[in-house]
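Each residue takes its place number in the sequence, starting with 1. Computation of the quantities below employed the complete heavy-atom set of this structure, encompassing side-chain atoms and omitting hydrogens, waters and symmetry-equivalent molecules.
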Amino acid sequence: MTTETRDRKPYPSDVSDDEWALVAPYLTLMTEEAPQREHPLREVFNGLRWIVRTGAQWRWMPHDLPPWHTVYQQTQRWLRAGVFADIVPDLRAVLRLAEGRAEAPSAAIFDARTLQSSPESGARAGYDGAKRRRGSKVHIAVDTLGHLLALRVSAANAQERAQVEALAARVQEVTGNAVELAFVDQGYTGEEPAADAAAYGIRLEVVKLPEAQRGFVLLPRRWVVERSFAWAARFRRLARDYERLPETLAGLHFVVFAILMLSRVVEVMVHSA
């Protein structure tokens with residue numbers, strides 16, 4: 001048990017020593033000795049991890065973790081500083097190299113999922129007629145291993161094809177223009193999304209459902225992004241849209257993928273030691 005947690009029983013969501021050694025340099029926006037700091041930074045991060053894993057309200061933070069307002073305010077500082085958006089590409093590169101892949105992917109997968117709105121997010125919600133759900137739509141791009149590349153949040157009535165340009169631009173920005181191909185479903189068909197992707201050097205390939213089959217079918221390449229959505233859905237804060245601001249919802253997705261990838265990087269380090 002670490003110095004920070006020796007006075008309490010650890011939670012399953014607590015960051016491990018190895019994970020903390022990797023992530024602490026990104027999260028330290030000011031020195032540990034700064035007079036403004038009242039609570040150990042590691043414990044603040046543990047509070048954030050507890051929130052995203054359990055899906056509880058901020059004000060319901062356990063009393064043996066830092067106060068909810070401390071964790072919330074520090075989380076907002078981290079999100080505004082883009083620290084998790086910085087962590088994810090570095091972890092992704094490590095995991096890809098460990099798999100014998102190039103550091104930057106040449107192919108991606110685009111998709112979206114609709115999250116049911118809540119009273120907090122209802123003011124910006126839209127209605128997704130296909131899913132028969134009112135809420136927000138999370139548009140993501142992942143590499144062929146399922147690691148997050150880019151993400152956008154819109155109202156649920158936004159069309160997937162309308163987000164291609166923004167996703168393609170961000171994907172090329174974080175990969176150094178390495179991506180040449182993006183696999184998509186039939187929601188991305190049409191000349192306009194193809195042209196939007198081509199403007200950034202990406203060719204869209206629509207993976208279609210076999211006509212002879214009905215019900216759930218595991219589609220080539222497309223199953224990878226569905227698995228990524230399933231990974232995120234295990235963190236209950238992302239089971240619905242509980243956030244007042246779309247920027248917070250987007251940022252918490254980066255938090256979750258950073259947590260997931262961090263644990264895998266540690267596993268790689270242990271096995272290669």
Side-chain angles (χ1 to χ4, degrees), residues 15-29 45 49 78-79 81-112 138-152 163-184 188 196-205 207 219-232 234-235 250-273:
V15 65
S16 70
D17 290 341
D18 290 335
E19 291 173 338
W20 181 244
L22 290 173
V23 80
Y26 295 91
L27 302 181
T28 308
L29 301 181
F45 185 45
R49 289 169 64 105
W78 282 331
L79 296 183
V83 296
F84 296 104
D86 291 336
I87 293 170
V88 165
D90 291 347
L91 297 178
R92 183 178 63 244
V94 172
L95 292 172
R96 289 184 58 83
L97 291 172
E99 290 281 342
R101 308 291 186 95
E103 182 176 325
S106 60
I109 307 163
F110 294 176
D111 202 0
V138 179
H139 310 263
I140 73 170
V142 300
D143 68 6
T144 54
L145 296 176
H147 304 139
L148 182 62
L149 294 170
L151 182 144
R152 284 178 61 82
Q163 307 300 319
V164 168
E165 182 177 8
L167 280 180
R170 182 58 179 162
V171 163
Q172 296 297 47
E173 181 180 348
V174 300
T175 63
N177 295 307
V179 173
E180 302 172 355
L181 174 66
F183 298 98
V184 296
Y188 296 84
D196 289 341
Y200 292 91
I202 298 176
R203 178 174 63 86
L204 293 187
E205 181 172 320
V207 181
L219 297 177
R221 302 291 186 180
R222 292 272 305 112
W223 68 269
V224 173
V225 70
E226 299 297 345
R227 183 183 62 182
S228 298
F229 283 139
W231 287 340
R234 301 182 102 178
F235 289 76
L252 291 183
H253 276 80
F254 277 94
V255 172
V256 163
F257 275 94
I259 291 171
L260 289 166
M261 296 164 73
L262 190 62
S263 64
R264 292 179 191 137
V265 167
V266 169
E267 289 177 6
V268 168
M269 294 171 58
V270 170
H271 290 316
S272 61

Keeping Ser272 on the side-chain end and Met269 on the backbone end, is there a donor-acceptor pair under 3.5 Å?
yes
Nearest 0.5 Å please: distance from the CG atom of Asp111 over to the OG atom of Ser228.
10.0 Å
To the nearest 0.5 Å, atom CD of Gln172 lies from atom CG of Leu149 at 9.5 Å
Just list the side-chain donor-acceptor pairs under 3.5 Å for residues 252-265, sequence neighbours left out, or say none.
residue: His253; atom: ND1; partner: Leu249; partner atom: O; Å: 2.9
residue: His253; atom: NE2; partner: Arg113; partner atom: NH2; Å: 3.4
residue: Ser263; atom: OG; partner: Leu260; partner atom: O; Å: 2.8

Between Val266 and Val268, is there a side-chain heavy-atom distance shorter than 4.5 Å?
no
Would you call Trp20 and Asp17 a side-chain contact if the rule is heavy atoms closer than 4.5 Å?
no
Before giving the answer on salt bridge (Lys or Arg N to Asp or Glu O under 4.0 Å), spell out for Glu165 and Arg152 the whole-Å C-alpha distance, their side-chain angles and the decisive distance to 0.1 Å.
CA-CA 11 Å; Glu165 182 177 8; Arg152 284 178 61 82; over 6 Å; no
Does the Glu99 side chain pair with the main chain of Arg96, one donor and one acceptor, at a distance under 3.5 Å?
no
A side-chain contact here means heavy atoms from C-beta on lying under 4.5 Å apart; do Tyr188 and Phe110 qualify?
yes
Is the shortest side-chain N to carboxylate O distance from Arg170 to Glu173 below 4.0 Å?
yes
How many angstroms lie between CD1 in Ile140 and CG in Leu167, if you round to the nearest 0.5 Å?
9.0 Å
Tell me if the CZ atom of Arg234 is crowded by more than 12 foreign heavy atoms within 6.0 Å.
no
Closest heavy-atom pair, Ala141 versus Val171, reported as atoms and distance to 0.1 Å, is CB-CG2, 3.5 Å
What is the minimum heavy-atom distance between Pro25 and Leu22, and which atoms define it?
CD-O, 3.6 Å
Would the number of heavy atoms belonging to other residues, nucleotides or ligands and lying under 6.0 Å from CD of Glu205 be above 12?
yes
Value for CD1 (Ile87) from CZ (Arg92), rounded to nearest 0.5 Å, stands at 13.0 Å
Find the distance between CG (Leu204) and CG (Asp196) and round it off to the nearest 0.5 Å.
8.5 Å
Among all residues two or more places apart in sequence or in another chain, which pass the side chain to side chain contact (heavy atoms under 4.5 Å, CB included) test with Ala168?
Tyr200, Ile202
4.5 Å side-chain heavy-atom contact, Leu145 and Val224
no
Exam field: side chain Ser106 to backbone Ala178, donor-acceptor pair closer than 3.5 Å
no
Given side-chain contact (heavy atoms from CB on, under 4.5 Å), test Arg203 with Leu181 step by step and report yes or no.
CA-CA 5 Å; Arg203 178 174 63 86; Leu181 174 66; 3.5 Å; yes
If you round to the nearest 0.5 Å, how far is CH2 of Trp78 from CG of Leu27?
5.0 Å
His139 and Ala112: which non-hydrogen atoms are nearest, and at how many Å?
ND1-CB, 3.6 Å
Are any non-hydrogen side-chain atoms of Thr144 and Pro105 less than 4.5 angstrom apart?
no
